[in-house]
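Any value given below was found using the heavy atoms of this structure, including those in side chains, with hydrogens, waters and symmetry copies removed. Ligands are counted one by one from 1 in listed order, and the atoms in each one are counted from 1 as well.
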Amino acid sequence: MRFTVLSSGSKANCTFVEAAGKRFLVDCGLSGKQAEERLRSVGIAPESLEAILVTHEHQDHINGVATLSRRYGLPVYANERTMERIKKPRGREIFNTGQDFCVGPVEVTPFSIVHDAVDPVGYVIRAEGFRLCMLTDLGRVTTLVQEHVRGANAIVLESNHDLEMLQSCSYTWELKQRIASAHGHLCNEAAGQLLEEIMHPELFHVVLGHLSENSNTPNLALECANRYLKRCADRAGGLRTLLCGNVYESLPTLELDEPHPAKVLVNA
Ligand SMILES: [Zn+2]
Ligand SMILES: [Zn+2]
């Protein structure tokens with residue numbers, strides 16, 4: 001299994017996954033054209049995609065979904081209420097939140113998260129004995145979320161804002177309230193706490209995602225995550241990668257089948 005975060009941030013989210021021979025995207029907040037360019041830039045022909053999985057209907061997650069679906073004949077996987085918001089995809093594969101489904105040989109668990117969308121989900125994607133978790137756009141970590149992300153071998157985890165920066169940034173009071181609410185976005189501290197809680201020797205890759213450009217910086221997010229990782233250093237021996245996603249360029253492709261890390265990646 002391997003995955004590439006093509007874009008992550010408040011403006012556009014899109015991750016490429018290849019598992020058990022299947023190639024698909026999780027969300028496509030990039031335009032169709034941008035997504036094609038990013039895919040090609042990491043050596044993936046858009047024509048080789050086979051599906052798109054959608055977490056929720058916010059524009060930064062679905063902007064290019066229908067375009068790519070029609071252009072390449074890709075089925076779109078989403079729950080019913082989310083699917084209603086996607087205009088004319090080529091094929092609709094409706095799942096029930098909380099019930100596993102398969103994309104070919106890949107097993108996917110869509111689990112409920114709290115966020116101001118109609119029926120938002122996180123995903124656990126299982127193939128080849130590995131588990132990749134996609135967990136962004138949630139206001140708080142519930143017990144259900146903890147249960148699902150435990151045992152992840154890789155996670156794309158929201159680290160949206162620094163609480164102090166959010167309070168002092170130029171957003172309106174209403175927007176600040178929305179972001180910090182239980183239905184908004186996860187702050188750096190909450191992401192760090194979750195990491196500390198779920199860390200185990202076979203969690204290999206952590207990508208901090210959905211960073212706000214106005215109320216966070218990659219340095220603050222990484223610093224916070226590292227502070228929590230130090231507290232569980234005895235369980236973090238397998239960690240090879242701690243990166244922050246961004247909306248400007250793809251991150252390196254992260255592999256889940258290499259027994260020995262070629263190098264340790266940490267960006268700033
Ligand atoms: Zn989002
Ligand atoms: Zn959202």
Restricting to N, O or S atoms, which atom of Asp60 is closest to the Zn ion (ligand 1)?
OD2
Where does the angle between the aromatic ring planes of Phe101 and Phe95 fall among parallel (under 30°), tilted (30 to 60°) and perpendicular (over 60°)?
parallel
Here the N/O/S atom of His115 closest to the Zn ion (ligand 2) would be NE2
Are any N, O or S atoms from His56 nearer to the Zn ion (ligand 1) than 2.8 Å?
no
For Leu135, the option from Thr55, Val156, Ile113 that meets side-chain contact (heavy atoms from CB on, under 4.5 Å)
Ile113
Quick test of your reading of the model: are Arg2 and Glu128 salt-bridged, counting only N-O distances below 4.0 Å?
no
Using 30° and 60° as the class limits, which term best fits the ring planes of Phe111 and His148: parallel, tilted or perpendicular?
parallel
For the Zn ion (ligand 1), decide whether His58 has an N, O or S atom at a distance under 2.8 Å.
no
Taking C-beta and beyond as the side chain, do Tyr123 and Cys133 meet within less than 4.5 Å on heavy atoms?
no
Closest N/O/S atom of Asp137 to the Zn ion (ligand 1), by atom name?
OD2
